[in-house]
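One structure is given here, and the rest of the page talks about it.
Below, chains carry the letters A, B, ... as their sequence lines are ordered, and counting in each starts from 1.
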4 protein chains.
Amino acid sequence: MSLTNPVRRRSGRPRSERARQAVMLAASELLPELGLRAMTTDRISERSGVSKATIYKWWPSKYAVAVDAFLAGMFAASREPDPDTGSAREDFRQALRGIMRFYSSASGRIFAQLVAEAQFDPEVFAELRDRLVASRRELVRAIWDRGVARGELLAEVDPDVGLDMMFGPAMYRLVAGHGPLTDEAADAVVDAAMCGLSR
Amino acid sequence: MSLTNPVRRRSGRPRSERARQAVMLAASELLPELGLRAMTTDRISERSGVSKATIYKWWPSKYAVAVDAFLAGMFAASREPDPDTGSAREDFRQALRGIMRFYSSASGRIFAQLVAEAQFDPEVFAELRDRLVASRRELVRAIWDRGVARGELLAEVDPDVGLDMMFGPAMYRLVAGHGPLTDEAADAVVDAAMCGLSR
Amino acid sequence: MSLTNPVRRRSGRPRSERARQAVMLAASELLPELGLRAMTTDRISERSGVSKATIYKWWPSKYAVAVDAFLAGMFAASREPDPDTGSAREDFRQALRGIMRFYSSASGRIFAQLVAEAQFDPEVFAELRDRLVASRRELVRAIWDRGVARGELLAEVDPDVGLDMMFGPAMYRLVAGHGPLTDEAADAVVDAAMCGLSR
Amino acid sequence: MSLTNPVRRRSGRPRSERARQAVMLAASELLPELGLRAMTTDRISERSGVSKATIYKWWPSKYAVAVDAFLAGMFAASREPDPDTGSAREDFRQALRGIMRFYSSASGRIFAQLVAEAQFDPEVFAELRDRLVASRRELVRAIWDRGVARGELLAEVDPDVGLDMMFGPAMYRLVAGHGPLTDEAADAVVDAAMCGLSR
DNA sequence: GGATAAACGAGACGGTACGTCTTGTCTTAGT
DNA sequence: ACTAAGACAAGACGTACCGTCTCGTTTATCC
């Protein structure tokens, strides 16, 4: 016997899934082609065949569209699995290599532009922090916790500090551009972080 | 015939120093008031009494004005001297505390917005890297070199890697906002970087 | 099988008389409140509780709704009966006074806006001419015919010309606003039209 | 003391006469092509090469542009001179024939649309009344005054009433479309108005 | 002292994107 | 079949900012 559909369908024409996907697709294509700034709402509308009014109905700004498209599309593709090699150092090495590769890819430039836009728009900032940065940090946090459990890492170090020491340099180089984002750089950072700088 | 002025004064009316200073002052005031985006060229012109044409004559964009104003004004005020305490760890501690304080101040928000804008504009990027990031890094590089000379720091570590391990976390937290920018955070990062994370 | 109902009820749910009346009422209220332009279809829908689709099903545009509402509501209220005083001059005087009062009332402004909209929309134009102007002219045409029959009016004058001479000035002043729409003006027009302008 | 430049030039770049004329020309072309409603500001901008911002700087709306263009262009061309034949009846006949021809021409449709738009927009209303209707009425007022001076017309009739009796029917037919706008109609109206309707 | 040259203020301008609004159609579920 | 709710495409609206331009004025050096 039916329980009368506890999730009551709201009346009226339902939101068009086709329109949502068309917007996501158009934004995913336009972001690498034009960059975040030159990707205008009008162009998303034109490319997707979804009217501007509809876009503004569901997203507060083109940046919200970009964040959604980035998360749904490009970012998902480049998502790294937890390496879990049995060695924290090796896990970190692989995780940081993945991040370095991501940052130095086309998606990395878009990511940098999203982070940049977040500096001007609190909503984008919150969205990015909650949906992107947090999920990344969860992954590496798992590596950290395993390392502590195995006795490889110093339990008395604040994990936030330890993780920032390893992944901060990557972000630093992404936005300031003063150093390379390579596998070698990843390895050097992990090694130095593990052993320390002092004699 | 005069040889007394080897630097030949160019003919015509000389550039108005008053105008330059008025623009710098107006921009210094408007940046904290409005932020980088909302500070429009028109507003700088209005506030300073300097015409838009003159502004565009001397600076390629409002961002160049902002970088200049930032360097000349706020940044200079918050510039830290080389601590040179005799201990690399203590030097780093003080330098990173200074940076953390700067990042968490009003000027820090503006700095973050300049870094953000640089992600979209190669000229701003270059300007910022050459005039801001580089000068900062010179300072801490001096600390590093003294530490190596005194045998406190491992000579085989790439200085760029070592410095990024210490100052990357600050930039990371500035733009991603996931952790505090406090003296305690500075000390924790320096301590962990010096000693390393592994047992 | 019944043949007793020669007027076969059409199948399906019958048109909601409640909905029709709610639309008429809402439009009657909104027209004076907002004017013809600002009275949007959405607002009629909201006020009446009748969906936009239903409105568009029964009326081709909001202007058709307005014409309907105007005829059913305000115009009916201000409709003048045939005076038939026994004197054509007196009949015209009373008819023109009635029109002047109507034109200078709130309904008169709405009527002017409907006439105005008709200049852009042929359907509104036809609707208005057939349902509003024509019915008015029938009334005054009756006055004319009685006057001719009684020998008060010159039979050789084209009635259309004669009537326009009397009622044209009222419309002219309504849309051009260069003169008053008062009882005195009505009397002056009727007197001058009856006697002529030349010595 | 200088008398050479009594009209002091205002500072700043002077308003571009070229831009003003291009807008006028574009509007003059678009009005007959599209009608008042379909002539959008964007299209005027596109056709004239003058930016939308500039158009909005000098005219409050596209309707103001239309009134200007109409006055400067089409209306000027169709302007009738004062006939002054020595007979008021003949003068009126020619003036009304001119108006009938104008109303039944392409410009007449545009004029009707301007009058229509004026019913919704007080600024257009005032503009039209002051610049179009008034100038027309001045002309026919001159005819009236000459007729009174020559003893052809009754001095005791209010000129506004007399003129509306003659020119009201034309406007009435323009907006209501119930009768022809021909030379014959003009003559019939003038004859009836001069002689009166009563025996 | 007059000519020359560049800088300057004021502000108009073309271009472009923004986010909102209105119109009329369409889609779904309910009556 | 008809309705209510409301999503949707199309496209005009008026505003804002950008960077360039066109004036007429001012301030210096040069002849």
Side-chain angles (χ1 to χ4, degrees), chain A residues 8-16 18-20 37-43 45-46 48-58 60-62, chain B residues 5 8-16 18-19 37-43 45-46 48-62, chain C residues 9-16 18-19 37-43 45-46 48-62, chain D residues 5 8-16 18-20 37-43 45 48-58 60-62:
Chain A
R8 280 280 284 155
R9 241 330 244 295
R10 287 196 26 261
S11 82
R13 177 175 175 173
R15 176 172 179 184
S16 161
R18 193 201 60 70
R20 199 193 64 79
R37 283 278 172 87
M39 178 190 75
T40 67
T41 317
D42 276 293
R43 248 190 275 255
S45 170
E46 187 187 16
S48 65
V50 172
S51 79
K52 248 193 334 166
T54 300
I55 296 174
Y56 277 109
K57 166 140 208 174
W58 298 112
S61 71
K62 70 170 181 178
Chain B
N5 197 353
R8 282 276 283 154
R9 235 340 237 291
R10 292 199 17 263
S11 82
R13 177 174 175 175
R15 175 173 180 184
S16 160
R18 193 202 60 72
R37 282 277 173 85
M39 179 189 75
T40 66
T41 317
D42 277 292
R43 251 188 273 256
S45 171
E46 187 188 15
S48 65
V50 172
S51 79
K52 253 196 327 169
T54 301
I55 296 174
Y56 277 109
K57 167 139 207 173
W58 299 113
W59 291 273
S61 72
K62 72 168 181 178
Chain C
R9 244 326 254 300
R10 293 192 25 257
S11 78
R13 177 171 173 177
R15 174 172 179 185
S16 161
R18 195 200 61 67
R37 281 279 172 85
M39 179 190 75
T40 65
T41 316
D42 276 295
R43 253 189 272 255
S45 170
E46 186 188 14
S48 65
V50 173
S51 79
K52 258 201 315 175
T54 302
I55 296 173
Y56 276 107
K57 168 139 206 171
W58 299 111
W59 291 273
S61 73
K62 72 169 181 176
Chain D
N5 197 357
R8 279 281 283 149
R9 230 354 235 302
R10 289 195 28 260
S11 83
R13 177 174 176 174
R15 175 172 177 186
S16 162
R18 192 201 61 69
R20 200 193 62 79
R37 283 279 173 86
M39 177 189 76
T40 67
T41 315
D42 276 295
R43 247 190 274 258
S45 171
S48 65
V50 172
S51 79
K52 240 186 350 159
T54 300
I55 295 174
Y56 277 109
K57 167 141 206 171
W58 297 113
S61 71
K62 70 171 179 176

Starting at atom [atom1] of [X], determine the distance to atom [atom2] of [N], rounded to an integer number of angstrom.
{"X": "B:Ile55", "N": "F:dC21", "atom1": "CD1", "atom2": "C1'", "result": "16 Å"}
{"X": "B:Lys57", "N": "E:dA6", "atom1": "NZ", "atom2": "P", "result": "8 Å"}
{"X": "A:Arg20", "N": "F:dC8", "atom1": "CZ", "atom2": "P", "result": "12 Å"}
{"X": "C:Trp59", "N": "E:dT25", "atom1": "CH2", "atom2": "C1'", "result": "18 Å"}

Assign each of C:Ser45 and A:Gly49 to its nearest nucleotide of DNA chain F by heavy atoms, then name whichever residue's nucleotide is nearer the 5' end.
->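 Counting from the 5' end, the first nearest nucleotide belongs to C:Ser45.
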
Residues that C:Thr41 engages under side chain to side chain donor-acceptor pair (under 3.5 Å), provided they are two or more places apart =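 Residues passing side chain to side chain donor-acceptor pair (under 3.5 Å) with C:Thr41: C:Tyr56.
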
Please identify each residue that fulfils side chain to side chain contact (heavy atoms under 4.5 Å, CB included) with [X], with sequence neighbours left out.
{"X": "A:Arg15", "result": "A:Arg20, A:Trp58, A:Trp59"}
{"X": "B:Arg18", "result": "B:Ser16, B:Ala22"}
{"X": "B:Ala53", "result": "B:Ser51"}

Of all the heavy-atom pairs spanning A:Ser45 and A:Lys52, show the shortest one and how long it is.
->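 For A:Ser45 versus A:Lys52, the nearest heavy atoms are OG-N, 3.5 Å.
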
Toward the 5' end of DNA chain E, which comes first, B:Ala19 or D:Trp58, by nearest nucleotide?
->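 Per heavy-atom nearest nucleotide, the more 5' residue is B:Ala19.
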
Nearest nucleotide by nearest heavy atom, which residue falls closer to the 5' end of DNA chain E, B:Ser16 or D:Ser51?
->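 Here B:Ser16 is the residue nearer the 5' end.
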
Phosphate OP1/OP2 of E:dG9 contacted by B:Arg18 side-chain N/O (<4.0 Å) |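 Answer yes for this pair, as a side-chain N or O of B:Arg18 is under 4.0 Å from OP1 or OP2.
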
Between F:dA9, E:dG9, E:dA7, which nucleotide has the shortest distance from any of its atoms to the side chain of A:Thr54?
->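 The answer is F:dA9.
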
Side-chain donor/acceptor of B:Arg13 to base of E:dC8, under 3.5 Å =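 Result: no qualifying N/O pair found.
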
Got a sec, which residues hit salt bridge (Lys or Arg N to Asp or Glu O under 4.0 Å) with C:Lys62, two or more places apart in sequence or on another chain?
->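 Partners of C:Lys62 under the salt bridge (Lys or Arg N to Asp or Glu O under 4.0 Å) test: none.
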
Treat primed atoms plus P, OP1 and OP2 as sugar-phosphate and everything else as base, then score nucleotides 18-24 of chain E 5' to 3': B for base contact with protein heavy atoms under 4.0 Å, S for sugar-phosphate contact only, - for none.
-> SBBB-BB

